[in-house]
Amino acid sequence: MENLRPSIIAGNWKMYKTIEEACSFIKTIGEILPTIDAEVLLAVSFTALKPCIETAEKMNLKIGAQNMNDATEGAFTGEIAARMLQDVGAQFVLLGHSERRKLFHEDDTFINRKVLRALEAHILPILCVGETFEEREDGKTEEVLSRQLQEGLNGVEGVSKLYIAYEPVWAIGTGRAATAEIAEEAHAFIRRTLQELYGEEFAQKVVILYGGSVSPDNADSFLKEEDVDGLLIGSASLKTESFAKILALCKNSEPNVESEEP
Ligand code: PGA
């Protein structure tokens, strides 16, 4: 079946960039965005959200957050609620990133509550799932993905707009990306699982991103796969050169002013 889903290129800046660095990056990238036929997203730090949203105004660029709390408000020192993200104008939020799961001990039920809260606040959740190296070695990849999806999406209705990011933990920040075949196999499994949960229409529409050591050298191999709708990029999204090279893979076919076509 032809993949009619849009291409998505998302950057995850993690705990990098001051406001000035973030805005200067956006201005540089903003110059090539009109030539790119993809939805482009950047997950920035909380402190940079507002300035980035203002800088990206009128650009084909969505600015979002990397995390949030599941509570609507309350005595949770240091936390950020969905309505605060909504208030600042964040358009999406990464949830369940493996660094949050591992370093901050987030489990599927906690992540699930955040997904529900984000949807209530009309912020697009990007639910990150993925197996560790040991789980893959033990043949448990599908079991883990299935659990993370079922529990992470518990109570979510099939009409909801959300993205999934498949990020094998062993490929994140290691320089050891999955092969395109491994990614496609996992993405197809995720889509089948979502089909069982929500039916064919939802499964065909839902966007599934691949993340884990994506670089300008391997990005194209993933984008060619049927069930890979886009990329979630960490370190290669931090430099304008490497991010621009990946974006250039999605150049639109419309002739632009410099075109040599008559
Ligand atoms: P990486 O990070 O591209 O540096 O592996 C991906 C991610 O953590 O989303």
Side-chain angles (χ1 to χ4, degrees), residues 1-12 33 36-44 49 52-53 56-57 59-70 72 80-97 100 108-130 145-146 148-167 186-211 223 226-233 250:
M1 199 180 298
E2 199 189 345
N3 181 347
L4 297 172
R5 297 172 291 274
S7 287
I8 316 280
I9 305 292
N12 173 13
L33 287 178
I36 303 304
D37 201 6
E39 188 182 302
V40 186
L41 298 89
L42 282 175
V44 309
L49 273 170
C52 287
I53 289 164
E57 219 198 336
M59 288 184 193
N60 162 32
L61 176 59
K62 294 190 165 75
I63 304 293
Q66 302 169 14
N67 183 34
M68 57 172 236
N69 191 265
D70 67 321
T72 38
I80 298 277
R83 59 188 286 266
M84 296 168 180
L85 294 184
Q86 186 185 33
D87 186 37
V88 80
Q91 286 171 287
F92 70 94
V93 60
L94 301 181
L95 295 176
H97 188 280
R100 301 293 322 169
D108 289 313
T109 39
F110 183 45
I111 295 162
N112 173 239
R113 291 197 299 271
K114 300 189 199 204
V115 170
L116 296 172
R117 285 279 180 270
L119 289 169
E120 272 165 28
H122 305 289
I123 299 169
L124 171 80
I126 303 184
L127 173 65
C128 304
V129 296
L145 294 179
S146 173
Q148 290 176 339
L149 288 170
Q150 297 206 32
E151 294 188 12
L153 297 176
N154 191 16
V156 169
E157 286 174 27
V159 289
S160 305
K161 181 155 171 151
L162 52 92
Y163 293 177
I164 304 292
Y166 169 62
E167 298 205 301
H187 281 227
F189 174 77
I190 290 170
R191 209 176 291 286
R192 281 200 305 279
T193 306
L194 293 173
Q195 183 176 340
E196 279 161 28
L197 291 172
Y198 298 116
E200 172 78 13
E201 201 188 331
F202 178 84
Q204 284 311 320
K205 272 198 299 203
V206 70
V207 160
I208 310 175
L209 311 175
Y210 168 78
L223 290 173
E226 154 105 31
D227 288 294
V228 178
D229 307 315
L231 304 167
L232 179 55
I233 308 159
C250 305

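Throughout, numbering of the chain's residues begins at 1 and tracks the sequence.
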Looking at every heavy atom in both Leu232 and Gly11, which two are closest together, and how far apart are they?
CD1-C, 4.4 Å

Distance from Met84 atom CE to Leu49 atom CG, nearest 0.5 Å?
12.5 Å

As an exercise, state the distance from CG of Leu41 to CD1 of Ile233, rounded to the nearest 0.5 Å.
10.5 Å

Min side-chain heavy-atom separation Phe92-Leu42 under 4.5 Å:
no

Rounding to 0.5 Å, atoms CG (Asn154) and CG (Leu116) come to a distance of 7.5 Å

Do Tyr198 side-chain atoms and Val156 backbone N/O form a donor-acceptor pair below 3.5 Å?
yes

How far apart are the C-alpha atoms of Asp229 and Tyr163, what are their side-chain angles, what is the distance that settles it, and do they pass the side chain to side chain contact (heavy atoms under 4.5 Å, CB included) test?
CA-CA 10 Å; Asp229 307 315; Tyr163 293 177; over 6 Å; no

Could you tell me how the ring of His187 sits relative to the ring of Tyr166: parallel (under 30°), tilted (30 to 60°) or perpendicular (over 60°)?
perpendicular

List the steps, then state whether side chain to side chain contact (heavy atoms under 4.5 Å, CB included) holds for Leu95 with Met68.
CA-CA 8 Å; Leu95 295 176; Met68 57 172 236; 3.8 Å; yes

Name the one of Leu119, Val115, Leu124 that satisfies side-chain contact (heavy atoms from CB on, under 4.5 Å) with Ser160?
Leu119

Minimum heavy-atom separation for Ala82 to Ile123, with atom names?
O-CD1, 3.4 Å

Test side chain to side chain contact (heavy atoms under 4.5 Å, CB included) applied to Ile80 and Asn67, step by step
CA-CA 8 Å; Ile80 298 277; Asn67 183 34; over 6 Å; no

Test item: Arg191 and Ile208 side chains (from C-beta on) under 4.5 Å apart, heavy atoms:
yes

When you measure from the side chain of Gln66 to the backbone of Ala43, do you find a donor-acceptor pair of N or O atoms at a distance under 3.5 Å?
yes

Just do the side chain to side chain contact (heavy atoms under 4.5 Å, CB included) check on Leu153 and Leu194 with the steps written out, would you?
CA-CA 10 Å; Leu153 297 176; Leu194 293 173; 3.6 Å; yes

Could you report the tightest heavy-atom contact between Val44 and Cys52, atom names first, then the distance?
CG1-SG, 4.1 Å

Output the distance between atom CZ (Arg83) and atom CZ (Arg117), rounded to the nearest 0.5 Å.
12.0 Å

Look up atom CD in Glu167 and atom CD1 in Ile126, then write down how far apart they are to the nearest 0.5 Å.
9.5 Å

Ignoring hydrogens, what is the shortest heavy-atom contact between Thr72 and Ala81? Give both atom names and the distance.
O-CB, 3.3 Å

Please evaluate residues Asp227 and Arg192 with respect to the criterion salt bridge (Lys or Arg N to Asp or Glu O under 4.0 Å), reporting the C-alpha separation (whole Å), side-chain torsions for both, the decisive distance (0.1 Å), and the verdict.
CA-CA 11 Å; Asp227 288 294; Arg192 281 200 305 279; over 6 Å; no

Count the heavy atoms belonging to other residues, nucleotides or ligands that lie under 6.0 Å from CD of Glu151, then report whether that count exceeds 12.
yes

Any non-hydrogen side-chain atom of Leu162 less than 4.5 Å from a side-chain atom of Leu127?
no

What distance do Glu39 atom CD and Asn60 atom CG have between them, rounded to the nearest 0.5 Å?
7.5 Å

